Structures are given as structure tokens and as C-alpha cells.
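I have placed the structure first, in the form of C-alpha cells, so that the comments after it can refer back to it.
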Amino acid sequence: MVPATKTTHARERTETSQFRRDVLHGLTQHPKRLPCKYFYDRRGSQLFDQICELDEYYLTRTELSIMREHAGEMAGWIGTDAMVVEFGSGSSTKSRLLLDQLDESTVYVPVDISREHLLASAANIAADYPHLEVRPLVADFTKPIMPPDGDTASLRRVVYFPGSTIGNFEPQEARRLLRHIRDLVGAGGGLLIGFDLHKSREILEAAYNDSRGITAAFNLNLLHRMNRELRADFVVERFRHRAIYNELLCRIEMHLVSTADQAVLIGSTGIEFDRGESICTEYSHKYRVPAFRAMLAHAGFMCRQVWTDSRAFMAVAYFESA
């Protein structure tokens, strides 16, 4: 086992401080909000992997079918001598289908906020793809990031952003993130991105309210994380998971709903909840292809190709920076 270093401890303290600031800011807003990026501690990442296997959760299964059928074409757009930067890589399941098709000159940079999960996944990728250079980057991709440079400066940069994660951002936030991606890849760089398409309320709400309660556990795990890392005293049993589809804004809205009037301490700060009051923990926007292309065009990207499944449930598209 590698011993912890002073640098590691300092980084962990910084990450915890940022977590505390974001939590206190979000829970003192009206309505209360928490950034969905904090779902992904070790337990949250494990639960999300389980969600991806659920019958109701069509997203991963559908995107995998698109990747299996079209990964060769996608790799053709990426080309040779490329640095592929994957945002929110998690277990890198979908990326393996892409990596199978990429040229050996490719440098693969998986980016994730969950350090332990990322490093374990990157080690597995490096072992299974010895011809590729794998350079994991622990970072929050919602902020501008700088991947490894130096000997890779001449490589063309392509961001791979699967899983319809772009849907977790409100429109203004999504446009800001897309501009960061444009700056990262530079002129002529690429963006291979998955996004969820508009469909019936019944299908959407079932996907986020699975019968086994895994999504509920994933949502409630955020309270467990705050108890553990921020010295909070949430009684988790006094909150319940709720996910509804907002047809007007074309998005799933996920909440943690207080089942009682209660007060919670986060460190020394008290937060009060009324019965029925909720914390919004995630949005998941659903798109129509023309509107999605227009949003990317506004951020400086030209659409090159769009692939969908047979039911048009999801899409993966390749864009180039203008």
C-alpha cells in the first residue's frame, strides 16, 4: 500500500472544504439545491454502476447499443494522433467499445472527481490496452481543466462525454461547460457526446424510480456522505427519494424530500427543513436533435454526424470546434 503524503492530505482537505462550501451554499438557498457531482464518492459510484444494469434504466443499455454499432465510425472521425479526454469516466464501460477501435497512437485521459474509483478503473484500462497510453486526471470537469501536455502538445484533442451527463446542467450552465470544452480542444478539436432524447413521461419516470430502490439509495447516499465527511447529523430515514418529469422544461427533477419538520447540523451550522420541503439533487434534461445541435452551434461547434438507436431513445453525436 502506498503511504499517504502531505500533498494527498492537503488535497483531501481542499476537496472537503469545497464540498462544505457548496453544501452550505446550496442548503441556504430557496429552494434548496445540491450539486449532483457530489453523488460520486466511492459508494455512490458503486451504486451508479448498479443503476446502469437496471431494467428500467434504458440510458446505459441504449447508448451501449449505439456504441457497439457505430464505434468504428466514431473512431474514424477521431482519427490518429489524438488525445481522447473522457469526462466523468466512471467505470469506462462505454469507452472500451471506443478504445477497441482507436489507433495505437491515441492517448486516453479519463477524468473523474472520484479519485479511488478513477484510479482503479484507469489501472484496469491500462492493463487491458497496453498499446495505449492512459493518463488519468482527478478533476472536476465542470471547471476549466488542463490535461497532460508536454510530449502530447502536438496531439489533436477530442473530448468524449458519454452518458447524457450534459443533461444534468441547466441550459446556461450547459452552454458554459461547452465553451470550456471548446477552449480545451481548440480549433479543429472534437467532441463526441451522448444525449438523451425526449420521450414519454412513463418511460422517463420509471427510469429514475426503479422497483429495486437502487436510485433511491443512490440519492440518499448523498446524506450519508455529508454525515461522514462534513460532520452532519442527517437522519437519513427522515428523507425520501422523489423523481418527477417536468414536461414544460423537458427534464427529470430528482429530490430528497423531508418527511418531517426537522433541523440538521452541518458542523456548527444549523439547517431547518419543513415537512414536505425538498433538496433538488439533480436535473436530467431531455433533448430533440435540432435543439441540441443549435445549442452546440452557439458554443462554437459544427455537427458532423449523429447516431441514434432504433427507437430514437438516445443519440451520440460528433462535433468539431469551428
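The structure presented is a predicted model; accordingly, all values stated were derived computationally and were not measured. Heavy-atom basis, side chains included; hydrogens, waters and symmetry copies ignored.
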**Item:** Reported CD1-to-CE distance for the pair I78 and M74, which is rounded to 0.5 angstrom
**Value:** 9.0 Å
**Flag side-chain contact, heavy atom, 4.5 Å: S164 against M314** = yes
**Request:** Considering only NZ, NE, NH1 and NH2 on the basic side and carboxylate oxygens on the acidic side, decide whether D41 and R228 come within less than 4.0 Å.
**Result:** yes
Report, one line per pair, each donor and acceptor closer than 3.5 Å where one atom sits in a side chain of residues 139-147; sequence neighbours left out.
from: D140; atom 1: OD1; to: T142; atom 2: N; distance (Å): 3.0
from: D140; atom 1: OD1; to: T142; atom 2: OG1; distance (Å): 2.6
from: D140; atom 1: OD2; to: K37; atom 2: NZ; distance (Å): 2.6
from: D140; atom 1: OD2; to: T142; atom 2: OG1; distance (Å): 3.1

**Prompt:** Hey, are the side chains of E277 and K32 touching, using non-hydrogen atoms and a 4.5 Å cut-off?
**Reply:** yes
**Item:** From OG (S105) to NE2 (H131), nearest 0.5 Å
**Value:** 10.0 Å
**Asked** What do you reckon, is CZ of R293 surrounded by more than 12 foreign heavy atoms closer than 6.0 Å?
**Response** no
**Min side-chain heavy-atom separation I266-V23 under 4.5 Å** = yes
**Donor-acceptor contact present, side-chain S65 to main-chain T62, <3.5 Å** = yes
**Side-chain H-bond candidate by donor/acceptor type, Y38 with D22, under 3.5 Å** = yes
**Item:** For the student: nearest non-hydrogen atoms of A71 and L97, plus distance
**Value:** CB-O, 3.5 Å
**Message:** Check this for me: does any side-chain nitrogen of one of D196 and K199 sit under 4.0 Å from a carboxylate oxygen of the other?
**Reply:** yes
**Message:** Side chains of S258 and Q262 only: does a donor on one sit below 3.5 Å from an acceptor on the other?
**Reply:** yes
**Item:** Within 45° cone of F313 ring axis and under 6.0 Å: R311 NZ or CZ
**Value:** yes
**Message:** Please report the interatomic distance OG(S284) to CG(N246), rounded to the nearest 0.5 Å.
**Reply:** 12.5 Å
**Message:** Using side-chain heavy atoms (C-beta onward) and a distance below 4.5 Å, is T80 in contact with L102?
**Reply:** no
**Asked** Does NZ or CZ of K94 fall inside the cone over Y160's six-membered ring, less than 6.0 Å from its centre and within 45° of the axis?
**Response** no
**Request:** Kindly say whether L155 contributes a backbone atom to a donor-acceptor pair with the side chain of D81 at under 3.5 angstrom?
**Result:** no
**Request:** Take D128 and R96 through the test salt bridge (charged side-chain N to carboxylate O under 4.0 Å, His left out) and record every step on the way to the result.
**Result:** CA-CA 9 Å; D128 293 342; R96 286 175 174 266; 2.9 Å; yes
**Message:** Could you check whether atom CD of E170 has more than 12 heavy atoms from other residues, nucleotides or ligands sitting under 6.0 Å from it?
**Reply:** yes
**Asked** Take atom CZ in R238; do more than 12 heavy atoms of anything else shown fall under 6.0 Å from it?
**Response** no
**Message:** What verdict does the side chain to side chain contact (heavy atoms under 4.5 Å, CB included) test give for L118 and V111, after you've listed the backbone C-alpha separation in whole Å, the side-chain angles of each residue and the deciding distance to 0.1 Å?
**Reply:** CA-CA 7 Å; L118 170 67; V111 180; over 6 Å; no
**Message:** Test your reading of the model: is there a side-chain donor-acceptor pair from Q50 to the backbone of L47, 3.5 Å cut-off?
**Reply:** no
**Prompt:** Hey, is CD on E205 packed in by over 12 heavy atoms from elsewhere, all under 6.0 Å?
**Reply:** yes
**Request:** Using atom types as modelled and distance alone, determine if a side-chain donor or acceptor of D309 lies under 3.5 Å from a backbone N or O of A312.
**Result:** yes
**Request:** Decide yes or no for F239 and V257: does some side-chain heavy atom of the first lie under 4.5 Å from some side-chain heavy atom of the second?
**Result:** no
**Prompt:** Is there a chain of hydrophobic side chains (I, L, V, M, F, W, Y, each step under 4.5 Å between heavy atoms) that links L256 to I244?
**Reply:** no
**Message:** Please evaluate residues I214 and Y57 with respect to the criterion side chain to side chain contact (heavy atoms under 4.5 Å, CB included), reporting the C-alpha separation (whole Å), side-chain torsions for both, the decisive distance (0.1 Å), and the verdict.
**Reply:** CA-CA 11 Å; I214 306 297; Y57 195 78; over 6 Å; no
**Message:** Pair R304, E73 - check salt bridge (charged side-chain N to carboxylate O under 4.0 Å, His left out), show working.
**Reply:** CA-CA 11 Å; R304 293 306 190 192; E73 298 169 57; over 6 Å; no
**Asked** Do you know which two heavy atoms are closest between A322 and M302, and how far apart they sit?
**Response** CA-CE, 4.0 Å
**Message:** Using the ring centroid of each side chain, check whether F48 and F39 are separated by less than 6.0 Å.
**Reply:** no
**Prompt:** Which of parallel (below 30°), tilted (30 to 60°) and perpendicular (above 60°) describes Y283 and H285?
**Reply:** perpendicular
**Request:** State plainly whether the residues D261 and R275 are in salt-bridge range, i.e. N to O under 4.0 Å.
**Result:** no
**Item:** Atom pair CG/CG of L230 and L24 - distance to nearest 0.5 Å
**Value:** 7.5 Å
**I279 side chain near H255 side chain, heavy-atom distance below 4.5 Å** = no
**Message:** If I compare all heavy atoms of E237 with all of T259, which pair ends up nearest, and what's the gap?
**Reply:** O-OG1, 4.3 Å
**Request:** Answer yes or no: is there a donor N or O on one side and an acceptor on the other, between the side chain of R157 and the main chain of L184, under 3.5 Å?
**Result:** yes
**Prompt:** Is L54 reachable from I203 through a run of I, L, V, M, F, W or Y residues, each pair having side-chain heavy atoms under 4.5 Å apart?
**Reply:** yes
**Prompt:** Between R156 and E320, is there a side-chain N and carboxylate O pair less than 4.0 Å apart?
**Reply:** yes
**Message:** If I compare all heavy atoms of A122 with all of V134, which pair ends up nearest, and what's the gap?
**Reply:** O-CG1, 4.0 Å
**Message:** Tell me if the aromatic rings of Y245 and Y208 count as close, with their centers under 6.0 Å from one another.
**Reply:** no
**Message:** Contact between L296 and L191 at the side-chain level, heavy atoms closer than 4.5 Å - yes or no?
**Reply:** yes
**Residue pair S95 / E86, side-chain donor-acceptor N/O under 3.5 Å** = yes
**Prompt:** To the nearest 0.5 Å, what is the distance between SG (C250) and CZ (R288)?
**Reply:** 5.5 Å
**Request:** Begin from the C-alpha positions of E229 and R225 and carry the test side chain to side chain contact (heavy atoms under 4.5 Å, CB included) through to its verdict.
**Result:** CA-CA 6 Å; E229 297 183 22; R225 182 178 184 181; 3.0 Å; yes
**Item:** CG-OG1 distance between L64 and T60, expressed to the nearest 0.5 angstrom
**Value:** 6.5 Å
**Request:** Taking only Lys NZ, Arg NE, NH1 and NH2, and the carboxylate oxygens of Asp or Glu, determine whether E173 and R175 approach each other closer than 4.0 Å.
**Result:** no
**Message:** Using the rule that Ile, Leu, Val, Met, Phe, Trp and Tyr join whenever any side-chain heavy atoms are under 4.5 Å apart, tell me whether I252 and L249 fall into a single cluster.
**Reply:** no
**Message:** Regarding S45 and H117, do their side chains bring together a donor and an acceptor under 3.5 Å, going by distance alone?
**Reply:** no
**Prompt:** Which pairs with one or both residues in residues 210-219 pass side-chain hydrogen bond (donor to acceptor under 3.5 Å, both in side chains), sequence neighbours excluded?
**Reply:** E56-S211, D210-T215, N219-H241, N219-T281
**Prompt:** Is the F301 to Y318 ring centre distance short of 6.0 Å?
**Reply:** no
**Asked** Around atom CD of Q18, are there more than 12 heavy atoms of other residues, nucleotides or ligands at under 6.0 Å?
**Response** yes
**Message:** Is it the case that the side chain of R182 and the backbone of A299 share a donor-acceptor pair, with hydrogens and angles ignored and the cut-off at 3.5 Å?
**Reply:** yes
**Request:** Run the numbers on F195 and F161 for side chain to side chain contact (heavy atoms under 4.5 Å, CB included), then give the verdict.
**Result:** CA-CA 9 Å; F195 55 103; F161 196 15; over 6 Å; no
**Message:** Count I, L, V, M, F, W, Y as connected when their side-chain heavy atoms are under 4.5 Å apart, and connections chain through other members. Are V236 and M226 then in the same cluster?
**Reply:** yes
**Message:** Taking the side chain as everything from C-beta on, heavy atoms only, tell me whether I193 gets closer than 4.5 Å to I166.
**Reply:** yes
